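Working notes, beginning with the structure itself.
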Amino acid sequence: MPVKELTTAAPEPREHHHAIQVVITLPVRPRRRESRKGEQADAVSDAGSRSRIPRTPRLMALAIKFQEMIERGEVVDYADLARLGYVTRARITQIMNMLNLAPDIQEEILFADFLAIGNVPERRIRSISQLVCWTYQRRAWTQLQRGISVT
């Protein structure tokens with residue numbers, strides 16, 4: 001991994017002060033080229049690259065992990081999670097709202113065929129998680145899957 005060094009030196013020392021030099025070494029990851037519609041990103045386009053888990057199952061797993069961290073007292077609330085993850089509190093809330101899904105839908109998102117689930121837009125899943133009744137969620141989930149498999 002490439003490394004960048006940042007060096008900062010204090011101005012010339014005055015009478016009884018000593019100069020301080022601070023060296024900070026930071027790992028730098030190259031940015032992945034963003035994909036446009038119909039294209040794949042560089043990291044995914046190589047035939048020999050390992051398969052990536054789609055975004056939706058990763059977010060579902062992340063929501064479960066975050067909930068466990070809160071229950072164990074590792075973080076106090078969503079604001080702590082947002083600060084740790086360098087995202088907004090609203091984004092943490094969006095991720096955590098996936099826990100409002102019926103347990104069988106959560107399980108299907110986590111363990112179902114990645115090709116099918118990977119095509120489900122996160123926004124559509126968020127709209128399903130806003131339904132209070134699990135029966136309505138299941139109905140909407142089934143309709144969503146039918147729409148995805150047809151296209």
Side-chain angles (χ1 to χ4, degrees), residues 1-9 21-151:
M1 182 174 292
V3 175
K4 276 192 177 177
E5 287 191 21
L6 302 174
T7 305
T8 309
Q21 183 174 4
V22 178
V23 177
I24 301 172
T25 305
L26 302 171
V28 178
R29 288 190 297 188
R31 290 186 64 147
R32 183 171 64 115
R33 187 188 91 192
E34 295 297 321
S35 62
R36 291 184 217 143
K37 262 194 168 171
E39 293 180 5
Q40 289 184 333
D42 286 342
V44 182
S45 62
D46 296 336
S49 69
R50 31 176 218 176
S51 62
R52 287 182 53 111
I53 298 173
R55 181 182 192 100
T56 306
R58 282 188 291 143
L59 289 175
M60 187 74 244
L62 196 60
I64 293 168
K65 175 68 174 172
F66 286 167
Q67 185 61 40
E68 290 172 357
M69 289 173 69
I70 290 171
E71 289 171 359
R72 286 193 305 260
E74 293 176 25
V75 294
V76 178
D77 54 13
Y78 291 0
D80 274 353
L81 289 170
R83 279 189 292 275
L84 288 171
Y86 298 102
V87 295
T88 64
R89 288 178 288 174
R91 182 64 180 141
I92 291 294
T93 300
Q94 287 177 340
I95 294 168
M96 296 302 285
N97 280 345
M98 292 182 75
L99 296 174
N100 294 337
L101 290 167
D104 53 316
I105 296 173
Q106 290 183 28
E107 185 175 339
E108 196 168 336
I109 289 171
L110 286 170
F111 301 112
D113 178 23
F114 285 149
L115 296 175
I117 298 301
N119 294 332
V120 177
E122 178 194 348
R123 181 176 289 163
R124 298 286 302 274
I125 291 175
R126 284 198 311 252
S127 68
I128 292 173
S129 72
Q130 291 175 352
L131 299 171
V132 177
C133 179
W134 285 352
T135 304
Y136 296 149
Q137 286 184 3
R138 289 181 182 110
R139 222 176 274 153
W141 178 251
T142 302
Q143 290 173 350
L144 178 62
Q145 286 181 307
R146 285 186 187 142
I148 295 296
S149 63
V150 169
T151 58

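Nothing here was measured: the structure is a model prediction, and the numbers come from that model.
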(request) Apply side-chain hydrogen bond (donor to acceptor under 3.5 Å, both in side chains) to Gln94 and list each qualifying residue two or more places apart in sequence or on a separate chain. (result) Arg91

(message) List the residues meeting salt bridge (charged side-chain N to carboxylate O under 4.0 Å, His left out) with Arg139, not counting sequence neighbours, and say none if there are none.
(response) none

(message) Side chains of Arg126 and Asn97, heavy atoms from C-beta outward: is any pair under 4.5 Å?
(response) no

(request) Just jot down the side chain to side chain contact (heavy atoms under 4.5 Å, CB included) partners of Arg89, sequence neighbours excluded, or say none. (result) Ala79, Ala82

Can I get a per-line list of side-chain donor-acceptor pairs under 3.5 Å for residues 57-68, giving both atom names and the distance, sequence neighbours left out?
residue : atom : partner : partner atom : Å
Arg58   : NE   : Ile53   : O            : 2.9
Gln67   : NE2  : Glu71   : OE2          : 3.4

(message) Please find the pair of heavy atoms, one from Ala102 and one from Arg138, that lie closest to each other, and give the distance.
(response) CB-NH2, 3.8 Å

(request) Kindly write out the residues that satisfy salt bridge (charged side-chain N to carboxylate O under 4.0 Å, His left out) with Glu74, not counting sequence neighbours, or none if the list is empty. (result) Arg72

(request) Please round to the nearest 0.5 Å and tell me the distance separating atom CD of Glu108 and atom OG1 of Thr56. (result) 12.5 Å

(request) Measure the CH2-CG distance between Trp141 and Leu101 for me, rounded to the nearest 0.5 Å. (result) 8.0 Å

(message) I need the Met98 CE to Leu110 CG distance, nearest 0.5 Å.
(response) 8.0 Å

(request) For residues Asn100 and Gln137, report the shortest heavy-atom separation together with the two atoms involved. (result) O-NE2, 3.0 Å

(message) The criterion is side chain to side chain contact (heavy atoms under 4.5 Å, CB included); which residues satisfy it with Ala140, sequence neighbours excluded?
(response) Ile128, Leu131

(request) State which residues pass side chain to side chain contact (heavy atoms under 4.5 Å, CB included) with Ile70; sequence neighbours excluded, sorted by chain then number. (result) Val75, Tyr78, Leu81, Met96

(message) How long is the straight-line distance from OG of Ser127 back to CD of Glu122, given to the nearest 0.5 Å?
(response) 11.0 Å

